[in-house]
Amino acid sequence: MTLEKYWEPQTYEADIYRRWEDSGAFVADASSDKPAFTISMPPPNATGTLHTGHAVMLAIEDLLIRWRRMKGDEALWVPGTDHAAIATESVVIRKLQGEGIADPRGELGRDELVRRIAEFVDSSQGTIRHQIRAIGSSCDWSRERYTLDPQLHRCVDAVFARMFRDGLIYRGPRIVNWDPHLQTTVSDDEIYHEERPGRFYTLRYGPFLVGTSRPETKLGDTAIAVHPDDERYREHLGKTYEIPWPKGPTIKVKVVGDEHVDPEFGTGALGVTPAHSHADFDIAQRHDLPLIQIIGEDGRMTEAAGDYYAGMTVQECRDAFAAELDAAGLLESVRDYSQPISLCYRSKQPVEPLPKEQWFISVDKPAVPWRGQRLSLKQVMRTVVDSGEIRILPEHQERTYFHWIDNLRDWCISRQIWWGHRIPVWYRGEEDLYVGHRPPEGDGWTQDTDTLDTWFSSALWTWSTLVDPELAADPQVSLPELLKRSPDFQKFHPTAVMETGYDILFFWVARMILMTTYATGEVPFRTVYLHGLILDAHGRKMSKSNPETAVDPLEVIEEHGADVLRLSMLLGNAPGQDLKLTDKRMVGCQRLLTKLWNASKLIDVSIGRILGEGVDRAALPVPQAPEHPVNGWMLERIRELVERVDGRFDAYAFGDAAEQIRTSFRGELCDFYLEAIKVAPLSEMEETAHVLAYAQRTYLKLFHPYLPFVTEHLWGALVAVEGGSMLIGETWPEVHVGHRFDAASEGVSAVVRLVAAVRGIRAEQNLEPGAKVALAVRALDHAEVQQRCETIVARLVRAESLEWLDAALGDEPGAAVAVDPAFEAAVRLGEADRAAERGRLEKQLEATEKRLVGLEKQLANENFVTKANPKAVESVRRNAEDAKATVASIRERLAALG
RNA sequence: AGACCCGUAGCUCAGUUGGUUAGAGCGCUACGUUGACAUCGUAGAGGUCAGCGGUUCGAGUCCGCUCGGGUCUACCA
């Protein structure tokens with residue numbers, strides 16, 4: 001196979017991917033004896049398209065999987081997609097509205113709407129699958145899963161039922177985050193906070209002054225809370241007051257003492273609105289206070305707020321009530337205030353805390369058997385990370401994780417939407433309730449209308465994807481039995497690494513730990529690797545709202561190929577480190593790829609020149625004891641590189657590993673070795689061909705996890721021409737312990753330094769670069785090696801002659817000298833060169849002096865000095881000084897030349 | 001309000017448990033390039049490691065404070 005002049009990703013990538021897939025390299029074998037290495041792909045939205053976040057995730061996971069596969073593990077990467085409940089349902093509803101169905105829920109009904117959404121998912125799921133392939137993901141498509149697959153549904157219901165029986169799932173009235181816009185509850189993690197300009201009102205509230213940013217909620221107060229030790233209010237504690245609000249209800253409030261009240265804030269007295277504040281609800285629970293709902297699910301005031309205010313929006317009511325308080329002389333003061341408000345991350349609309357009957361998972365109930373103890377879900381989550389059973393990278397995220405657990409409240413899992421896993425609970429009348437996977441026998445049962453939070457099913461992802469689909473379809477098989485009899489689960493769980501963005505540590509990673517430890521008694525994964533965000537050139541998170549700097553991974557693949565995209569996201573990648581993805585960065589990676597291409601070509605030609613055409617490169621032996629020191633040096637460099645790369649991989653330092661490979665490839669292989677072998681005797685030695693072939697194979701393997709396509713192509717074209725084996729199935733380079741040639745290597749390292757030193761002299765002395773120099777070297781150490789490299793040195797420094805000296809250098813006028821522990825080197829400036837050098841220096845002297853005169857003239861101009869920007873003046877002054885110094889040093893050099 | 005991260009060359013970032021002269025890529029300057037290079041190579045300039053204080057024989061690295069940038073969490077009404 002001949003190699004094209006350039007790598008054309010568009011021509012080859014799709015074909016290479018197909019050959020990988022056809023070869024069966026992606027498919028893992030559950031019956032294998034090899035150690036398992038599993039990654040569950042965080043499932044992208046089934047209806048979505050690939051963005052940079054996915055791209056970096058796929059690049060890292062594919063890197064890990066390819067590396068472990070080559071290392072000899074039974075590597076399984078399970079791909080899949082997520083039904084993304086709220087997102088998908090709202091997309092389809094908007095779409096239907098665009099098609100003229102004003103109220104899709106009302107007009108189509110539940111069954112039909114769900115059918116339409118499923119249809120939409122079916123039709124768009126292919127897009128993301130195709131895009132996952134385009135980036136080169138070597139995942140096991142035979143095991144692809146979807147969060148609504150029947151066997152996953154089975155697992156969801158089974159876990160729900162068991163948690164219900166264990167009392168970990170309960171139904172009850174709680175303050176939920178209600179999104180009046182989407183008409184559903186959202187979890188604590190689906191809201192974000194924003195500071196918005198608001199007002200802080202201080203009200204006359206019976207005998208108290210009470211501060212609030214939401215006066216309208218005071219219509220539903222049932223208590224006043226103060227700190228129990230607050231002397232100012234001691235006499236009121238325990239008393240009940242009636243407060244008649246203007247044009248509103250008369251409320252009864254009890255004065256309670258509560259530790260959570262900050263006496264320093266506002267007036268130290270807090271009006272308690274249990275129905276519309278999480279904090280106040282908690283206070284109400286502690287003091288057994290009643291609850292009055294004055295804000296409805298439509299975001300408007302209810303009858304309980306009084307006839308006058310009922311029907312107003314919250315904002316209208318706030319203004320109206322404040323006006324009435326003012327008129328009644330009850331408004332003590334109003335000031336501007338930056339108010340933190342909660343917004344739904346889907347709809348971007350404010351959420352309203354409301355009391356509602358919901359399903360919850362208790363995180364504090366000690367009902368989970370774990371390693372011989374009974375722990376709460378919270379405790380298990382803490383224990384597994386504390387004990388090191390699960391390791392989080394970067395490490396500092398562990399602290400964030402613990403902090404989150406400490407503040408975790410019961411998880412509201414019911415959603416008032418239709419797309420998703422429906423709550424597996426049936427009701428009959430007031431009394432009867434049934435929980436299970438299938439509808440109960442008998443008539444009159446109706447199923448709960450809510451669905452489960454998407455994260456509930458996602459939380460089971462690492463193991464529900466590994467249960468056997470056929471077994472799961474058999475209702476006689478219990479969940480423990482199902483796990484026990486599923487070969488994939490037995491072989492591949494717990495998974496090795498969970499790789500995802502740190503932004504979903506809580507949404508998802510923590511919930512997987514919570515659910516999986518409970519349901520399977522195992523941790524879901526050993527290591528959590530959290531990658532950073534991909535930022536644009538300005539350091540902003542990439543999003544569709546900044547299209548001018550956002551990078552579309554598909555466009556990059558189209559233009560540069562998947563390899564360049566992957567490498568630019570992996571070079572410099574460290575756990576949790578955000579990464580700026582710019583064009584410059586990608587151009588740099590493109591160049592490295594081109595270099596790899598060209599070096600591979602040169603290696604191939606060079607082997608051919610030594611051994612003749614038609615030699616099987618894959619069959620060439622790895623040299624054990626090379627005769628020439630430069631060959632030994634190269635083998636030792638490779639040995640050290642493989643060792644370093646393994647170390648970096650083990651530490652999840654992928655960016656660092658790439659840097660090591662790149663530096664060695666360019667600096668050691670390309671810039672020195674490939675130049676050195678152009679001259680005899682190296683260029684004619686058979687062992688050189690063997691070293692070249694070994695280097696070729698090794699660098700291609702090392703680069704493979706980063707640049708899978710181009711390395712696979714080069715492998716097929718240049719290495720495995722005969723056998724046809726693919727690089728993806730090759731074994732990872734070994735550290736050849738025998739490749740230590742200390743004396744030879746140190747000698748060659750001295751030669752490398754010698755070359756650099758002489759080049760330095762040439763540059764320093766401003767020698768005519770085309771000119772050949774006369775070089776004299778006295779070797780102080782490794783003399784034999786240095787002398788054997790004579791032709792290489794001569795070529796690399798452009799020496800016309802190289803004289804080896806035995807004694808110290810004489811006092812040679814006009815010679816420039818470099819000193820090193822291993823050598824002394826002198827560049828003799830021949831008579832002709834000295835003349836040319838003098839002419840050149842005189843020319844330079846003239847130009848510099850002319851420039852200096854101009855600068856000094858400018859500085860002598862008083863107008864310039866006093867009126868111009870001081871920075872400009874300073875810069876001219878500095879330039880003048882520089883020029884003066886340059887003139888002086890040129891004169892010195894001319895004197896030295898004699 | 002709390003927590004966490006970051007501050008190192010013009011730009012993007014490395015810098016492993018404290019240890020000689022703080023590195024890379026890009027950019028810049030100069031020069032070269034007939035025998036792999038839509039180029040590539042060689043050399044060079046450029047840093048008070050944000051600031052202050054402390055621990056130490058020794059601090060970019062450990063500790064404290066300050067300043068600046070960012071992120072997350074939160075029940076300050």
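Just so we're on the same page: letters track the sequence lines, and every chain starts at 1.
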Counting the atoms with a prime plus P, OP1 and OP2 as sugar-phosphate, which does A:Arg174 contact under 4.0 Å by heavy atoms, base, sugar-phosphate, or nothing?
nothing

May I ask you to say what A:Lys595 touches in the nucleic acid, namely base, sugar-phosphate or nothing, with a heavy-atom cut-off under 4.0 Å?
base

May I ask you to decide if the ring planes of A:Tyr241 and A:Phe208 are parallel, tilted or perpendicular, using 30° and 60° as cut-offs?
perpendicular

Rounded to whole Å, the CD-P distance (A:Glu259 to B:C75) equals 19 Å

Can you tell me how far C1' of B:C5 sits from CD1 of A:Ile392, to the nearest Å?
16 Å

Which comes earlier along RNA chain B counting from the 5' end, the contact point of A:Thr217 or that of A:Arg662, where each point is its nearest nucleotide?
A:Arg662

Pick base, sugar-phosphate or nothing for A:Asp671, based on heavy-atom distances below 4.0 Å to the nucleic acid.
sugar-phosphate

Quick one: label A:Tyr6 by what it contacts on the DNA or RNA (base, sugar-phosphate, nothing), any heavy atom closer than 4.0 Å.
base

Strand-adjacent residues in residues 395-405 of chain A, judged by heavy atoms under 4.0 Å from RNA chain B:
A:His396, A:Arg399, A:His403

If B:G2 has a Watson-Crick or G-U wobble mate with both distances under 3.5 Å, name it; if not, just say none.
B:C72

Options B:U33, B:A36, B:C75, nucleotide nearest the side-chain atoms of A:Leu674
B:A36

Could you check whether the rings of A:Tyr699 and A:Phe703 sit parallel, tilted or perpendicular, using 30° and 60° as the cut-offs?
tilted

When you measure from the side chain of A:Arg617 to the backbone of A:Asp604, do you find a donor-acceptor pair of N or O atoms at a distance under 3.5 Å?
yes

Under 4.0 Å, counting only non-hydrogen atoms across every strand here, what does A:Ser277 touch: a base, just sugar-phosphate, or nothing?
nothing

Report the base-pairing partner of B:C62 (Watson-Crick or G-U wobble, both distances below 3.5 angstrom), or none.
B:G54

Using only modelled atom types and a 3.5 angstrom limit, is any donor from either the side chain of A:Glu675 or the base of B:A36 paired with an acceptor on the other?
yes

Should B:U42 form a Watson-Crick or G-U wobble pair with both distances under 3.5 Å, which nucleotide is its partner?
B:A30

Within the 6.0 Å centroid threshold, strictly below: A:Phe654 and A:Tyr529
yes

With nearest nucleotides of RNA chain B determined for A:Gly268 and A:Arg666 from heavy-atom distances, which residue corresponds to the more 5′ nucleotide?
A:Arg666

Need the pair for B:A36. Rule: Watson-Crick or G-U wobble, both distances under 3.5 Å, any strand; none if unpaired.
none

Using a cut-off of 4.0 Å on non-hydrogen atoms, how would the nucleic acid contact of A:Arg409 be classed: base, sugar-phosphate, or nothing?
sugar-phosphate

Angle between ring planes, A:Tyr205 versus A:Trp245, binned at 30° and 60°: parallel, tilted or perpendicular?
perpendicular

Mind checking who B:A14 pairs with, Watson-Crick or G-U wobble, both distances under 3.5 Å?
none

